Amino acid sequence: MTTENFDTLIIGFGKGGKTLAGFLAKKGHKVAMVERSQEMYGGTCINIACIPTKSLVLSAEHAATHQPGTFEEKQMYYSNAINEKTRLVTALRKKNYDTLNTNPNVTVIDGLASFVSPSEVEVTLSKNQKSLHIQAGNIIIDTGTEPYMPQIQGLEQSQRIYTSTTLMEKQRLPHHMIVIGGGYVGLEFASIYRAFGSEITILEQRDTLLPAQDRDVAEAVMQTMQGQGIQFHFHANVQRIHDEAEQTIVEYTNESGQKQEIKGDAILVAVGRAAVTTELKLAEAGIATNERGFVKVDEHLRTNVPHIWALGDVNSGPQFTYISLDDFRIVRDQLYGDGKRSTLTRHHVPYSVFITPPLSHVGLSEEEAKRQNYEIKVAKLPAGANTRAQIMRETTGLLKAIVDAHTNKILGCTLYSAESNEVINTVAMAMHADMDYQILRDTIFTHPSVSEVLNDLFSLL
Ligand SMILES: Cc1cc2nc3c(=O)[nH]c(=O)nc-3n(C[C@H](O)[C@H](O)[C@H](O)COP(=O)(O)OP(=O)(O)OC[C@H]3O[C@@H](n4cnc5c(N)ncnc54)[C@H](O)[C@@H]3O)c2cc1C
Ligand SMILES: NC(=O)c1ccc[n+]([C@@H]2O[C@H](COP(=O)([O-])OP(=O)(O)OC[C@H]3O[C@@H](n4cnc5c(N)ncnc54)[C@H](O)[C@@H]3O)[C@@H](O)[C@H]2O)c1
């Protein structure tokens with residue numbers, strides 16, 4: 001059995017891990033990066049999540065603009081989009097691999113890692129299934145999450161079940177896709193596939209859409225998506241799934257417990273994601289996990305074993321690529337900084353749901369601010385008030401800002417509009433800098449731009 005020694009071992013090619021690998025290599029560390037799949041160099045985001053989905057969002061919006069008439073024409077746009085997505089992802093994957101693999105201080109190892117002890121990890125090599133043992137002073141777990149599959153009768157047997165990963169490999173556009181789960185993944189894929197021309201029905205077990213948002217925002221999103229032709233069923237409790245020759249039947253109960261059924265030719269399961277920790281054999285190293293299998297960490301992302309950290313989705317923090325990147329910064333500052341950065345100092349994290357138009361948010365909602373007993377001022381503006389939106393012919397949406405009436409500090413902002421995924425970062429930055437809202441009201445922005453709508457929105461206060 002070969003044993004190799006490294007200063008740092010990183011398990012999983014995720015955002016935080018790969019960034020840390022490059023950083024530590026620059027500092028002279030000998031780094032091993034172990035990745036179980038050659039299809040995953042660069043991690044989930046670039047291969048099967050953020051990047052391919054956003055490529056499809058753009059292609060789907062183009063397809064919708066051209067209004068293809070027949071299903072075969074829609075299919076053609078879809079096939080081209082899948083090909084373009086594959087081209088992009090393949091190029092990014094290669095770039096990610098080459099960046100680390102050509103670094104003289106980094107060794108990329110294709111294999112599945114599992115702990116043997118707190119300081120030793122066994123890697124089953126992909127090419128020949130032989131084992132390599134690695135010992136390292138520091139070990140970083142960045143193994144991410146994967147789609148959670150609920151216990152539903154018939155789900156495993158059905159040939160028409162897809163996850164976010166497998167759906168993007170599907171060459172034929174579904175005629176009618178049933179989406180189980182109306183969260184981030186469910187909404188984004190519903191929006192994408194509807195724009196390509198599929199019929200879409202969302203089955204959501206909660207009683208409402210976007211529970212963290214104010215009701216006026218959630219209502220605006222729902223009305224827009226319904227206007228695009230997407231059907232919603234809330235309180236839907238899926239009981240059974242079974243295939244027929246051409247279609248699959250999904251049986252569920254509604255709010256009053258009545259049995260309903262619906263037929264589709266593709267079922268997307270989008271009910272959250274599970275930690276990828278089983279094969280790591282964490283117990284061999286005594287690493288503690290929570291009841292859902294996510295690695296427990298402190299505010300500096302250290303596990304209960306001091307030289308082992310966990311970054312990204314697997315540590316049960318918010319599941320975003322930019323959080324995995326920020327996790328890197330926390331560990332970087334532990335190893336080479338003042339060590340003050342932590343999850344406790346992480347505030348005003350923005351997010352975007354990439355429906356059309358995108359929904360972006362930072363800070364508190366109006367309802368949450370009231371619950372926290374703030375005295376607030378609220379500004380609301382239709383997205384179409386912005387001239388840039390009019391030029392882009394994307395006037396749908398709603399903008400909302402919540403400000404502390406006593407201090408004039410921005411408590412929260414929701415932008416449901418074209419380009420909101422860009423503009424929300426300006427608001428988040430203002431909040432980080434603890435600016436009064438008047439700065440956004442009076443800053444000189446270029447014209448015509450979507451950003452300048454912040455002048456108008458904050459002028460309403
Ligand atoms: C459909 C979808 C769309 C998304 N869109 C966005 C978005 O627009 N913006 C955003 O910020 N976030 C988005 N996310 C979330 C984002 O993709 C994740 O938060 C992020 O990729 C997590 O990165 P990570 O660092 O945790 O690890 P990952 O990138 O998940 O990497 C983990 C790696 O570890 C490897 N691995 C696992 N176990 C082992 C083992 N035992 N040995 C060796 N290797 C192993 C895996 O193969 C994988 O490559 C999206 C997620 C999904 C599902
Ligand atoms: N734009 C982005 O940044 C982006 C995009 C996609 C995913 N993500 C990340 O990925 C994570 C996972 O996304 P997701 O959509 O899978 O999870 P999610 O937690 O966002 O949503 C899951 C939804 O499924 C519902 N649900 C659960 N079980 C159900 C059942 N049996 N039947 C019907 N509905 C059910 C839940 O009530 C919830 O609304 C997100 O939390 C997010 O952090 C981010």
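Owing to the predicted nature of the structure, the values given are computational and were not obtained by experimental measurement. We count ligands from 1, going down the list as the structure has it; atoms in each ligand are counted the same way. Numbers for residues simply follow the sequence, beginning at 1. All values below come from the heavy atoms of this structure, side chains included, with hydrogens, waters and symmetry mates left out.
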Ligand 1 N/O within reach of Ala113 N/O, cut-off under 3.5 Å: yes

Would you mind finding which of Gln319, Lys15, Arg36 brings a heavy atom closest to atom 45 (C) of ligand 1? Arg36

Please list all pairs passing the side chain to side chain donor-acceptor pair (under 3.5 Å) test where one or both residues lie in residues 11-20, with sequence neighbours left out. Lys18-Asn96

N or O pair under 3.5 Å between Ser164 and ligand 1: no

Within the structure, does Thr44 bring an N/O atom to less than 3.5 angstrom of an N/O atom in ligand 1? yes

Tyr41 heavy atom under 4.0 Å from ligand 1: no

Heavy-atom distance to atom 39 (C) of ligand 1: which of Leu280, Leu325, Thr143 wins? Thr143

Is there a donor-acceptor contact under 3.5 Å from the side chain of Glu120 to the main chain of Thr3? no

Rounded to the nearest 0.5 Å, how far apart are OG1 of Thr8 and CH2 of Trp309? 8.0 Å

Using a strict 4.0 Å cut-off to heavy atoms of Ile11, name the atoms of ligand 1 that fall inside it. 40 (C), 42 (N), 43 (C)

Which is closest to atom 33 (C) of ligand 1 in terms of heavy atoms, Glu35, Lys18, Gln38? Glu35

For Phe13, take its heavy atoms, then give the atoms of ligand 1 lying under 4.0 Å from any of them. 33 (C), 34 (O)

May I ask you to identify, for Ala49, whether its side chain, its backbone, both or neither come under 4.0 Å of ligand 1 on a heavy-atom basis? both

Show which atoms of ligand 1 fall inside a sub-4.0 Å distance from at least one heavy-atom site of Val276. 37 (C), 38 (N)

Cation-pi check for Phe6 against Lys30: NZ or CZ below 6.0 Å from the six-membered ring centre and within 45 degrees of the axis, yes or no? yes

Phe189 heavy atoms, cut-off 4.0 Å: which ligand 1 atoms fall inside? 1 (C)

Please find the pair of heavy atoms, one from Asn254 and one from Gln260, that lie closest to each other, and give the distance. ND2-NE2, 3.1 Å

Gly111 heavy atoms, cut-off 4.0 Å: which ligand 1 atoms fall inside? 42 (N), 43 (C)

Interatomic distance, Leu364 atom CG to Ile410 atom CD1 [nearest 0.5 angstrom]: 12.0 Å

Which of the numbered atoms in ligand 1 are under 4.0 angstrom from any heavy atom belonging to Gly14? 25 (O), 27 (O), 28 (P), 29 (O), 31 (O)

Contact table ligand 2 N or O to protein N or O, d under 3.5 Å:
{"residue": "ligand 2", "atom": "1 (N)", "partner": "Glu188", "partner atom": "OE2", "Å": "2.7"}
{"residue": "ligand 2", "atom": "1 (N)", "partner": "Ser352", "partner atom": "O", "Å": "2.8"}
{"residue": "ligand 2", "atom": "15 (O)", "partner": "Tyr184", "partner atom": "N", "Å": "3.2"}
{"residue": "ligand 2", "atom": "15 (O)", "partner": "Val185", "partner atom": "N", "Å": "2.8"}
{"residue": "ligand 2", "atom": "16 (O)", "partner": "Gly272", "partner atom": "N", "Å": "2.9"}
{"residue": "ligand 2", "atom": "17 (O)", "partner": "Gly272", "partner atom": "N", "Å": "3.4"}
{"residue": "ligand 2", "atom": "20 (O)", "partner": "Tyr184", "partner atom": "N", "Å": "3.4"}
{"residue": "ligand 2", "atom": "34 (N)", "partner": "Gln205", "partner atom": "N", "Å": "3.3"}
{"residue": "ligand 2", "atom": "37 (O)", "partner": "Glu204", "partner atom": "OE2", "Å": "2.6"}
{"residue": "ligand 2", "atom": "39 (O)", "partner": "Glu204", "partner atom": "OE1", "Å": "2.7"}
{"residue": "ligand 2", "atom": "39 (O)", "partner": "Glu204", "partner atom": "OE2", "Å": "3.3"}
{"residue": "ligand 2", "atom": "39 (O)", "partner": "Arg206", "partner atom": "NH1", "Å": "3.1"}
{"residue": "ligand 2", "atom": "43 (O)", "partner": "Gln319", "partner atom": "O", "Å": "2.7"}

Side chains of Thr165 and Glu169 only: does a donor on one sit below 3.5 Å from an acceptor on the other? no

Could you check whether Asn421 and Ser360, counting side-chain N and O atoms only, form a donor-acceptor pair closer than 3.5 Å? no

Which is it for Tyr184 and ligand 1 at heavy atoms under 4.0 Å: side chain, backbone, both or neither? neither

Per-atom contacts, ligand 1 versus Ser324 - under 4.0 Å to a heavy atom: 24 (P), 25 (O)

Please name the pair of heavy atoms, one in Arg160 and one in Thr248, separated by the smallest distance, quoted to 0.1 Å. NH1-OG1, 2.9 Å

Any idea how His361 and Tyr351 line up, ring-wise: parallel (<30°), tilted (30 to 60°), or perpendicular (>60°)? tilted

For ligand 1, which atoms sit closer than 4.0 Å to a heavy atom of Cys45? 17 (O), 21 (O)

Using modelled atom types and a 3.5 Å cut-off, is there a donor and acceptor pairing between side-chain atoms of Glu35 and backbone atoms of Phe13? yes

Which side chain to side chain donor-acceptor pair (under 3.5 Å) pairs, counting each pair once, include a residue from residues 103-114, with sequence neighbours left out? Gln38-Asp110, Tyr41-Asp110

For atom NZ of Lys170, is the number of surrounding heavy atoms from other residues, nucleotides or ligands below 6.0 Å larger than 12? yes

Shortest protein contact, atom 22 (C) of ligand 1 (heavy atom only): Asp313 OD1, 3.3 Å

Taking atom OG1 of Thr356 and atom CG of Leu187, what is their separation to the nearest 0.5 Å? 11.5 Å

Contacts of type salt bridge (charged side-chain N to carboxylate O under 4.0 Å, His left out), residue Asp327, not counting sequence neighbours: Arg346

Going by the closest heavy atom to atom 10 (C) of ligand 1, which one wins out of Asn315, Thr321, Val123? Thr321

Closest by any non-hydrogen atom to atom 27 (O) of ligand 1: pick that one out of Val353, Thr163, Val314, Asp142. Asp142

Protein contact of atom 9 (N) of ligand 1 - nearest heavy atom, named by residue and atom, plus distance: Cys50 SG, 3.7 Å

If we check side chain to side chain contact (heavy atoms under 4.5 Å, CB included) with Ser324, which of these qualifies: Asn315, Val314, Asp142? Asp142

